Amino acid sequence: MNVLVIGSGGREHALAWKISHSKSLDKLFISPGNPGTAMLGTNVEIKSRDDYLQFCRANEIALVVIGPEQPLVEGLADFLRMNDIKVFGPDQNAAEIEGHKSFAKYLMKKYGVPTALYKEFEFTENENALSYLSNIKYPVVIKADGLAAGKGVIICKNSDEAKASLKDIFVNKIFGEAGDKIIIEEFLEGEEASILAITDGDDFVLLPSSQDHKRIGDNDTGKNTGGMGAYSPAPVVTESVLSEVEKTIIKPVLSGMRKEGRKFSGCLYAGLMITSEGPKVVEFNCRFGDPETQAVLPLVNGDFLKLLYSSATGKIDKNAVDYSGGTAICVVAVSSGYPDKYLKGFEIKGLDNYPPQIIIFHAGTKEKEGKVITSGGRVIGVTAFLDKNDLQKARILAYRALQRIEFEGMYYRHDIGMKAFK
Ligand code: AMP
Ligand code: GLY
């Protein structure tokens with residue numbers, strides 16, 4: 001079958017890479033893609049919904065895989081499905097699980113899914129929010145309700161910080177409209193982990209667990225980013241934690257979504273805190289994680305495209321893939337300044353000639369006059385993967401590969417994967 005992957009980041013490069021190994025693939029297109037995906041298929045520039053439809057018809061696209069949340073939340077999957085195109089990714093009303101945190105919290109409360117205790121406030125309720133902040137325990141977490149490119153979360157150590165953040169959100173509008181409503185929630189202690197569930201809305205397959213590193217600096221310091229690196233599997237997700245996640249989180253959420261008339265098909269991403277009371281949900285995303293996908297997919301055996309196609313067409317083929325051990329780590333190299341302002345347009349050197357255990361996933365890269373240059377904050381992800389469960393060795397391989405890569409202002413964390421050894 002012919003497949004179109006939508007997106008241009010490291011996640012989409014990893015999706016295209018995995019799909020390119022599927023026996024069932026004929027032609028692969030990526031829109032807009034990046035220089036990495038150009039090595040696996042054909043990059044195409046498609047601007048509007050109608051153009052997507054026309055492209056899918058003209059190229060007999062059997063499956064569209066939508067990578068990022070924005071088009072899902074805006075209803076691109078609905079539009080294509082309405083026109084008889086098969087899509088991997090949820091409808092708009094199901095993507096709301098990421099699009100509005102208040103909806104995700106409502107759902108979890110209603111169906112008894114473990115998560116942080118919370119209260120929500122509209123910007124018209126500034127006074128109520130202020131008085132609430134005077135009477136609670138700290139630290140506390142304030143979140144914009146809408147999409148804020150992974151940056152809409154502020155952890156506040158005391159009421160002064162919380163009140164200043166409230167002003168930033170409601171008055172200075174640092175998150176724009178996404179911050180017209182906020183969630184104030186309890187701070188959860190524990191270790192984070194990510195679970196990706198591939199689902200047809202009823203049944204599901206869990207991919208190997210992973211752990212992201214959200215902060216810019218070593219030892220989880222500095223600002224939040226989209227993710228600086230990930231490894232898989234995450235030892236904090238033991239067999240018993242995983243079965244608890246299935247029972248108390250994934251199953252009730254999928255059945256809750258059905259009951260709400262928002263059947264979720266696609267990849268449900270559960271961001272978890274493994275607390276002393278068990279796993280609790282920090283957030284849901286309506287798509288694959290980035291960079292988790294770059295660490296998880298190399299460990300998945302079998303026909304990944306078959307898995308996506310079967311779940312997109314109503315009956316997931318749970319035997320399409322399996323995981324037979326092994327370990328993977330992805331370290332992201334970013335442009336200096338990220339997650340704030342950063343420069344771009346620098347040549348990237350050292351991208352080729354790696355052993356088979358290393359994959360260079362492109363994220364913020366672009367081709368210019370035959371050279372690959374930087375074009376985004378997160379520039380590339382270096383993944384090392386092994387058949388054996390030897391994260392120590394995988395780390396060494398990934399960091400060794402990173403030493404060969406060069407671009408002006410290149411920065412990466414040095415401690416990706418270290419938590420696994422605690
Ligand atoms: P989110 O965008 O919801 O994933 O939040 C970004 C990051 O903020 C998470 O990965 C956590 O590290 C942190 N965070 C969010 N909510 C909480 C919480 N309730 N307790 C502790 N940390 C949190
Ligand atoms: N790595 C976090 C995310 O994809 O949202």
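We count ligands from 1, going down the list as the structure has it; atoms in each ligand are counted the same way. All of these numbers come straight from a predicted model, not from anything done at the bench. Side chains included, hydrogens not; waters and symmetry mates left out as well; all remaining heavy atoms used.
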Exercise. Of all the atoms in ligand 1, which lie at a distance below 4.0 Å from a heavy atom belonging to K143?
Worked result: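 Answer for ligand 1: 3 (O), 15 (C), 16 (N).
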
Exercise. Can R11 be said to sit on top of F288's aromatic six-ring, NZ or CZ under 6.0 Å from centre and within 45° of the ring axis?
Worked result: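 Not flagged: R11 not positioned over aromatic ring of F288.
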
Exercise. G227: heavy atom below 4.0 Å from ligand 2, yes or no?
Worked result: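 The answer is no, since G227 has no heavy atom less than 4.0 Å from ligand 2.
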
Exercise. Any non-hydrogen atom of G226 lying under 4.0 Å from ligand 2?
Worked result: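 Yes, G226 has heavy atoms under 4.0 Å from ligand 2.
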
For this session: Please say whether I155 places an N or O atom under 3.5 Å from an N or O atom belonging to ligand 1.
Result: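 No; the residue has no nitrogen or oxygen that sits under 3.5 Å from a nitrogen or oxygen of the ligand.
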
Exercise. Ligand 1 versus L188, non-hydrogen atoms closer than 4.0 Å: side chain, backbone, both, neither?
Worked result: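 Both backbone and side chain.
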
Exercise. Side chain, backbone, both or neither: which part of M273 has a heavy atom under 4.0 Å from ligand 1?
Worked result: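 The side chain, only.
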
Exercise. Using a heavy-atom cut-off of under 4.0 Å, does the side chain or the backbone of K214 touch ligand 2, or both, or neither?
Worked result: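 Side chain only; the backbone of K214 stays clear of ligand 2.
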
Exercise. Considering only protein heavy atoms, which is closest to atom 5 (O) of ligand 1, and at what distance to one decimal place?
Worked result: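 Nearest protein contact, heavy atoms only, for atom 5 (O) of ligand 1 is V153 CG2, 3.3 Å.
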
Exercise. Which option, E69, R287, E292, owns the non-hydrogen atom nearest atom 5 (O) of ligand 2?
Worked result: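 It is R287 that holds the nearest heavy atom.
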
Problem set entry | Heavy-atom nearest neighbour of atom 10 (O) of ligand 1 within options E98, E192, E189 |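 The residue whose heavy atom sits nearest atom 10 (O) of ligand 1 is E192.
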
Under a 4.0 Å threshold between the charged nitrogen and the carboxylate oxygen, would [Y] count as salt-bridged to [X]?
| X | Y | answer |
| --- | --- | --- |
| K263 | D202 | yes |
| K214 | D220 | no |
| R287 | E69 | yes |
| K143 | E283 | no |

Problem set entry | Check: D200/S310 side-chain N/O donor and acceptor closer than 3.5 Å |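 No pair is found: no donor N or O on one side chain lies under 3.5 Å from an acceptor on the other.
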
Exercise. Taking only heavy atoms of N285, which atoms of ligand 2 are found under 4.0 Å from at least one of them?
Worked result: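 Near N285, the atoms of ligand 2 are 3 (C), 5 (O).
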
Problem set entry | T374 OG1 to K366 NZ distance, which is reported to the nearest 0.5 Å |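 Taking OG1 in T374 and NZ in K366, the distance rounds to 9.0 Å.
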
For this session: Go through the steps for E260 and Y106 under the test side chain to side chain donor-acceptor pair (under 3.5 Å), then give the verdict.
Result: CA-CA 11 Å; E260 299 288 314; Y106 153 87; 3.1 Å; yes

